[in-house]
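Since this is a predicted model, take the numbers as computed values, not measurements. Below, chains carry the letters A, B, ... as their sequence lines are ordered, and counting in each starts from 1.
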There are 2 protein chains.
Amino acid sequence: MDEDTEAAASPFSMPDPPRDGRHRVTQLADRLREQILQAELKPGDRLPSEVGLAEAHSVSRTVVREAIAILRSEGRLDVRRGVGAFVCEPNAIAAPFADLSLERISSVIELIELRIGVESQAASLAAARRSPEQLEAILAAHSEVGRCIRDGQSTRMTDYTLHLRIAEAAQNRRFPELMTLVKIGMVSSVPVTDRDRQNAPMPANENLQSEHAAIVNAILLSDSDKAATAMRTHLEGSLRRYKELLVNGVSG
Amino acid sequence: MDEDTEAAASPFSMPDPPRDGRHRVTQLADRLREQILQAELKPGDRLPSEVGLAEAHSVSRTVVREAIAILRSEGRLDVRRGVGAFVCEPNAIAAPFADLSLERISSVIELIELRIGVESQAASLAAARRSPEQLEAILAAHSEVGRCIRDGQSTRMTDYTLHLRIAEAAQNRRFPELMTLVKIGMVSSVPVTDRDRQNAPMPANENLQSEHAAIVNAILLSDSDKAATAMRTHLEGSLRRYKELLVNGVSG
DNA sequence: CCATCATACTTGTCCGGCAAGTTGGTCGCG
DNA sequence: CGCGACCAACTTGCCGGACAAGTATGATGG
């Protein structure tokens with residue numbers, strides 16, 4: 001990735017570099033971001049001055065300024081006029097929901113606690129607002145879950161799809177948006193490639209289909225309160241099972 | 001260094017404008033972002049050229065470039081060399097909740113519907129789990145809201161802080177994470193530059209303090225159900241006011 | 001009608017410069 | 001000697017011009 005050894009000192013000989021596929025600004029921003037992420041630049045540290053960075057990376061101050069502007073807009077740098085640019089605390093900018101994982105049961109529990117609030121509300125709204133097409137999609141997804149159960153397959157993906165369909169039926173973009181955000185906390189981020197990378201053991205829920213049926217039925221009947229309650233019951237059941245798993249230990 | 005002879009059109013008379021409090025780059029980036037969020041610039045539209053934007057906003061091309069670099073890094077603009085900058089499809093933006101806006105009442109309503117589910121759950125958990133320190137922080141934030149009301153200031157920021165403190169007291173990272181995600185949907189991303197640009201009229205809630213008090217009190221008493229109900233009542237009241245605003249028209 | 005080319009326009013980068021804010025040291029004065 | 005005022009250096013914020021390179025469009029010639 002490093003081939004630009006020559007400097008070409010002539011004044012206007014090479015304003016545009018040998019096309020590396022990306023902009024110098026993006027490159028520099030990525031490099032600086034990497035340095036921050038790798039803790040080469042620790043929070044509180046002051047970056048070299050703009051001219052210093054320009055010389056160090058063999059770019060103009062314009063490029064440095066644009067790169068710094070990007071990192072500043074990301075909340076990674078705090079630039080003070082006349083002083084310099086300082087690395088911000090990472091927790092102030094950490095991407096939300098970036099550390100979702102099925103591996104850590106505590107993470108799954110945290111997520112379910114959030115989903116109880118979100119999805120019971122989504123189910124309530126879905127019962128009141130779902131279009132006929134959305135109702136069909138929900139019923140289809142429900143059937144898919146049943147098929148997976150009968151076939152002995154994992155219900156993780158189909159279960160997520162059903163919950164997503166319900167969120168979509170709430171007629172509010174925020175709900176499906178949030179579902180996509182928490183998706184990797186419900187289905188394995190790793191596509192279960194080959195060896196069964198057993199994630200969190202996912203305590204089998206024998207009542208899964210009946211609990212889902214209660215939710216779907218309430219939405220079918222446009223009963224908002226019942227839909228919310230059924231969703232809450234469903235998720236609280238999952239929450240309880242995962243908590244038991246946490247107490248009893250994963251090995252058992 | 002006498003250059004203030006006329007300061008009108010001399011070449012280097014006024015590189016730095018009268019301090020507007022914030023950077024021109026940030027201002028311009030916010031204005032362009034707002035235009036995109038408000039659909040003044042629809043997906044697929046081409047922005048004016050950099051020199052055109054520079055003239056239109058009375059800034060240098062340097063400022064325009066830095067602002068565009070920020071929006072590009074946010075995934076809102078697709079810049080093609082020799083062609084121009086185009087507004088991206090909003091769903092193409094990596095970060096969900098990227099199109100939150102106080103300007104569009106429909107966006108505020110959508111957000112509140114989500115918050116009803118999330119924050120009532122957060123209040124419930126907060127009532128059960130809050131530490132003494134977190135309780136103090138909630139009480140302090142509650143007092144701050146009251147101070148803003150008495151001083152006639154906007155309660156937007158302090159209100160957000162109170163809700164954030166409650167989310168933090170839920171002892172579940174997901175809740176404050178989600179709150180930071182929806183922050184710009186609760187407080188204006190553009191700090192109310194100066195005149196006009198009145199944001200969403202934010203229907204004043206005369207019962208704000210008493211509704212907050214009910215929530216805070218329930219958390220104080222560790223009454224989970226009451227906390228959840230109070231939060232739900234509080235947000236449903238806001239939802240109702242915004243819906244009325246939407247029906248009656250913004251102009252009034 | 002179509003291929004080709006000239007040209008205008010746009011973005012990417014570089015350069016030098018000035019204004020304004022901050023810091024640290026020096027100097028003068030009590 | 002102590003201390004405040006002042007000044008010089010450094011840094012960021014912004015400006016304007018210039019050139020290289022990519023793209024699009026219309027003119028031109030076959």
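When only modelled atom types and interatomic distance are considered, B:Ser238 and B:Arg241 share a side-chain donor-acceptor pair under 3.5 Å.
Rounded to a whole Å, the CG atom of B:Leu53 is 11 Å from the P atom of C:dT10. D:dG16 atom C1' lies 14 Å from atom CD of B:Glu50, rounded to whole Å. Counting to the nearest Å, the C1' atom of D:dC15 and the CZ atom of B:Arg61 are 13 Å from each other. Atom pair B:Leu77:CG and C:dT10:C1' shows a separation of 15 Å (rounding to whole Å applied). Between A:Ile68 atom CD1 and D:dT11 atom C1' there is a gap of 11 Å when expressed in whole angstrom units. Note: CZ (B:Arg81) to P (C:dC9) measures 18 Å, nearest angstrom. Remark: C1' of D:dT12 and CZ of B:Arg24 are 15 Å apart, rounded to the nearest angstrom. Per the geometry, CD belonging to A:Glu55 stands 10 Å off P belonging to C:dC15, to the nearest Å.
Among the nucleotides C:dT11, D:dG13, D:dC15, the one closest to the side chain of A:Arg72 is D:dG13.
Look at B:Glu50 and B:Arg65 and you find a salt bridge, because one of the NZ, NE, NH1 or NH2 atoms lies within 4.0 Å of a carboxylate O, short of that distance. Checked for salt-bridge contact, B:Asp159 and B:Arg156 miss the test: no charged N lies under 4.0 Å from a carboxylate O. Contact check on B:Arg115 versus B:Glu119 returns a salt bridge, with a Lys/Arg side-chain nitrogen under 4.0 Å from an Asp/Glu carboxylate oxygen.
Comparing B:Ala85 and A:Ser60 by the nucleotide of DNA chain C that holds the closest heavy atom to each, the one mapping nearer the 5' end is B:Ala85. Each of B:Val83 and A:Ser49 lies near DNA chain D, and the nucleotide nearest A:Ser49 is the one positioned closer to the 5' end.
Side-chain N/O atoms of B:Arg65 include one lying less than 4.0 angstrom from OP1 or OP2 on C:dG12.
In this structure, B:Val51 reaches neither bases nor backbone, as no heavy-atom distance under 4.0 Å exists between it and the strands shown.
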